[in-house]
There are 2 protein chains.
Amino acid sequence: MSRLSVLVVEDEDAIREMLAMVLEQSGFEASQCADAEVANLILQERMPDLIVLDWMLPGISGIEWARRLKKDQFYREIPIILLTARGEEEDKVRGLEIGADDYMTKPFSPKELVARIRAVLRRTGKIEDLAQITLGDMILDSEQHRLTIGDKQLDVSPTEFRLMQFFMTHPDKVYSRTQLLDQVWGRSVYIEERTVDVHIRRLRKILAEYGREEMVQTVRGFGYRFSLIS
Amino acid sequence: MSRLSVLVVEDEDAIREMLAMVLEQSGFEASQCADAEVANLILQERMPDLIVLDWMLPGISGIEWARRLKKDQFYREIPIILLTARGEEEDKVRGLEIGADDYMTKPFSPKELVARIRAVLRRTGKIEDLAQITLGDMILDSEQHRLTIGDKQLDVSPTEFRLMQFFMTHPDKVYSRTQLLDQVWGRSVYIEERTVDVHIRRLRKILAEYGREEMVQTVRGFGYRFSLIS
DNA sequence: GCGCTATGTTACGTTTTTATGACAATTAAG
DNA sequence: CTTAATTGTCATAAAAACGTAACATAGCGC
């Protein structure tokens, strides 16, 4: 799976889980821990593409840990977004001084979080990877706006692309037509539920050419599910 | 499938959007607004199944609005979860006094939020489902809407699914046909008792493919029992 | 075993839900 | 401006799920 990975280091459980959920929901792969010590272990396991770091941490403070990372030639390149409580604006300067790539005050909206993460990743040139979602032997490439199945590349229309994108980032779970409309078309638009059927049909037609139509599964009375296993 | 709807009334954008996102992600239908005035309009449009309400609001305070709702016979039944900043624990008492159904301090984890909402909805009788029910080596997953036996995944029809759901949550106990109709089909529908037999038969047929038909047991003169032990 | 009742099984008509093809409107491309 | 592609909607076909009746079979008291 080539989703971009984000490591969340935040001691407060509630906020950490909230962050992780938003990240997962937005297509990132989130790992999390409550302090710098564990964070170091995780870093040895796997290098994240970005770190979201709380300013205040028990033990080694966030800022101190960030400083160390930025001195370590091995970890220096990982972008860091600092988190801080509101009203400590003066810290912003210090944070950016030591090399943090951005700075966010709690509380923040999911949109803001994702926007900032994207911005940082773009700035540091990692965003290209984000363009790729992999599931099984299928690759959905947002940059090329292309779907690859096995070694075949095929083009899909914008709506089918978004639908595919949603499905590939949320596999194995049933979604009602309403939920799909909300998530893929966006809330606020009023569209007939039957329309989902039609687009499902169009997606299946495409997948059928590669013998994958059974990946889009009908769950009678509930909606649709996308799954590798039939 | 009509999802349960939750109205979020919270003036701080960041938190409101966060709430909405978590709710949507968890399968609820979320509507949102920043103050009590707009909330009233939304209420007239559609009655939500639950309200998540910030304690402090511009204009009419959350607590005041909640009090009014709880006096209004039309809205009284809507459960309310109050939100407050940490460190205002003493408000909890006041909140619950005026009829709020639960109380949450910011910040909170998505898990906690969803758990509390589910708990309240369960308590007030609007929900009874659990994402995953396990019995022996069988897993009934509402999220995927799938039944797993051993390592085989199989789809069952809506009615068989609900029947299975009921049985798996109430194993080893006999239920009469009437009880099953009440519980699985719903109290208000009139359906022949024999129909239960037929669906039992269909369920057995499915289970038989995996050598489990003896799990659905006939108790002559009383009804049926679902049990791992035969 | 006999007769009676409860339960199992099957087939069938009905209802509900989903799939599909066609069309018009809109948008994007050339 | 023309042409092609995309998209949403509708009408209709097809499929799945349901409930019911009819008949078969099995259990139970006598």
Side-chain angles (χ1 to χ4, degrees), chain A residues 145-147 154-167 174-209 212-226 230, chain B residues 1-2 145-147 154-167 174-209 212-226 230:
Chain A
H145 209 267
R146 232 182 203 165
L147 176 62
L154 50 148
D155 292 308
V156 290
S157 80
T159 304
E160 272 81 62
F161 191 87
R162 290 201 314 278
L163 189 54
M164 201 61 193
Q165 187 167 291
F166 178 76
F167 274 145
V174 199
Y175 292 93
S176 69
R177 290 173 175 74
T178 317
Q179 284 177 305
L180 289 173
L181 283 173
D182 278 1
Q183 303 273 341
V184 178
W185 276 258
R187 195 194 298 266
S188 79
V189 286
Y190 175 69
I191 286 177
E192 291 292 322
E193 289 205 343
R194 296 276 120 228
T195 299
V196 176
D197 298 34
V198 177
H199 283 277
I200 288 284
R201 146 98 170 121
R202 288 170 182 161
L203 199 53
R204 278 181 176 152
K205 214 167 186 175
I206 293 167
L207 293 175
E209 295 174 35
R212 307 293 167 91
E213 79 247 66
E214 74 290 345
M215 293 182 78
V216 181
Q217 303 166 357
T218 302
V219 180
R220 216 154 219 277
F222 290 87
Y224 298 96
R225 178 181 53 212
F226 190 82
S230 44
Chain B
M1 180 175 43
S2 82
H145 207 266
R146 241 180 195 166
L147 176 61
L154 49 147
D155 291 306
V156 291
S157 82
T159 305
E160 272 83 61
F161 191 88
R162 290 200 311 278
L163 188 55
M164 202 62 193
Q165 188 166 289
F166 179 75
F167 274 145
V174 198
Y175 291 93
S176 71
R177 289 173 177 72
T178 316
Q179 284 177 306
L180 288 174
L181 282 173
D182 278 0
Q183 301 278 339
V184 178
W185 276 259
R187 203 167 288 266
S188 52
V189 289
Y190 175 69
I191 287 177
E192 292 291 324
E193 290 206 343
R194 311 271 57 240
T195 300
V196 176
D197 296 36
V198 177
H199 282 278
I200 288 286
R201 150 80 175 142
R202 287 171 182 159
L203 200 52
R204 278 180 176 152
K205 211 168 186 174
I206 291 167
L207 294 174
E209 293 174 37
R212 309 292 167 90
E213 79 246 67
E214 73 290 345
M215 293 182 78
V216 181
Q217 303 165 356
T218 303
V219 181
R220 222 187 150 79
F222 291 91
Y224 298 96
R225 177 179 55 210
F226 190 81
S230 44

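Sequence lines set the chain letters: A, B, ... in the order given, protein chains first and strands last, and positions in each chain run from 1.
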Does [X] reach the side chain of [Y], with side-chain heavy atoms less than 4.5 Å apart?
{"X": "R202(A)", "Y": "V156(A)", "answer": "no"}
{"X": "Q179(B)", "Y": "V196(B)", "answer": "no"}
{"X": "R146(A)", "Y": "D155(A)", "answer": "yes"}

* Asked: With no angle test and no hydrogens, is the base of dT17(C) tied to the side chain of R220(A) by a donor-acceptor pair under 3.5 Å?
  -> yes
Among [options], which nucleotide has an atom closest to any side-chain atom of [X]?
{"X": "Y224(B)", "options": "dG8(C), dG8(D), dT18(C)", "value": "dG8(C)"}
{"X": "T159(A)", "options": "dT7(D), dG8(C), dT9(D)", "value": "dT7(D)"}
{"X": "I191(A)", "options": "dT20(D), dT6(D), dT9(D)", "value": "dT9(D)"}
{"X": "S157(B)", "options": "dA17(D), dT6(D), dG19(D)", "value": "dA17(D)"}
{"X": "R204(B)", "options": "dG8(C), dT18(C), dA21(D)", "value": "dG8(C)"}

* Using side-chain contact (heavy atoms from CB on, under 4.5 Å) as the criterion, point out the one residue from L203(B), V184(B), I200(B) that pairs with E160(B). => L203(B)
Calculate the interatomic distance between [X] atom [atom1] and [N] atom [atom2]; express it in whole Å.
{"X": "I200(B)", "N": "dG8(C)", "atom1": "CD1", "atom2": "P", "result": "8 Å"}
{"X": "R201(B)", "N": "dA6(C)", "atom1": "CZ", "atom2": "C1'", "result": "17 Å"}
{"X": "F222(A)", "N": "dA17(D)", "atom1": "CZ", "atom2": "P", "result": "12 Å"}
{"X": "K205(A)", "N": "dA19(C)", "atom1": "NZ", "atom2": "C1'", "result": "11 Å"}
{"X": "D155(B)", "N": "dT18(C)", "atom1": "CG", "atom2": "C1'", "result": "15 Å"}
{"X": "L163(A)", "N": "dT7(D)", "atom1": "CG", "atom2": "P", "result": "11 Å"}
{"X": "Q217(B)", "N": "dG8(C)", "atom1": "CD", "atom2": "P", "result": "12 Å"}
{"X": "E192(B)", "N": "dT14(C)", "atom1": "CD", "atom2": "P", "result": "17 Å"}

* Return one dot-bracket line describing DNA chain C 5' to 3' (Watson-Crick or G-U wobble pairs, both distances under 3.5 Å; ( ) same strand, [ ] crossing, | another strand, . none). => ||||||||||||||||||||||||||||||
* NA contact type, V196(B), heavy-atom cut-off 4.0 Å: base, sugar-phosphate, or nothing? -> nothing
* To do: Mind checking E193(B) for me? I need base, sugar-phosphate or nothing, with any heavy atom below 4.0 Å counting as a touch.
  =>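 Here E193(B) touches no strand at all.
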Presence of [X] side-chain N/O under 4.0 Å of [N] phosphate oxygens OP1/OP2:
{"X": "R194(B)", "N": "dG8(C)", "value": "no"}
{"X": "T218(B)", "N": "dG8(C)", "value": "yes"}
{"X": "W185(B)", "N": "dG19(D)", "value": "yes"}
{"X": "T195(B)", "N": "dT20(D)", "value": "yes"}
{"X": "H199(A)", "N": "dG8(D)", "value": "yes"}
{"X": "R202(B)", "N": "dA17(D)", "value": "no"}

* Between R225(A) and V219(A), is there a donor-acceptor pair closer than 3.5 Å when you use the side chain of the first and the backbone of the second? ->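 Judged by distance alone, no pair lies under 3.5 Å.
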* To do: Using the ring-ring contact (aromatic ring centres under 6.0 Å, His included) rule, pick out the option among Y175(A), F166(A), F167(A) that qualifies with F226(A).
  =>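 Looking at Y175(A), F166(A), F167(A), the match for F226(A) under the ring-ring contact (aromatic ring centres under 6.0 Å, His included) is F167(A).
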* **Check against side-chain contact (heavy atoms from CB on, under 4.5 Å), W185(B) and Q183(B)** => CA-CA 6 Å; W185(B) 276 259; Q183(B) 301 278 339; over 6 Å; no
* Apply side-chain contact (heavy atoms from CB on, under 4.5 Å) to L147(A) and M164(A), showing your working. => CA-CA 9 Å; L147(A) 176 62; M164(A) 201 61 193; 4.2 Å; yes
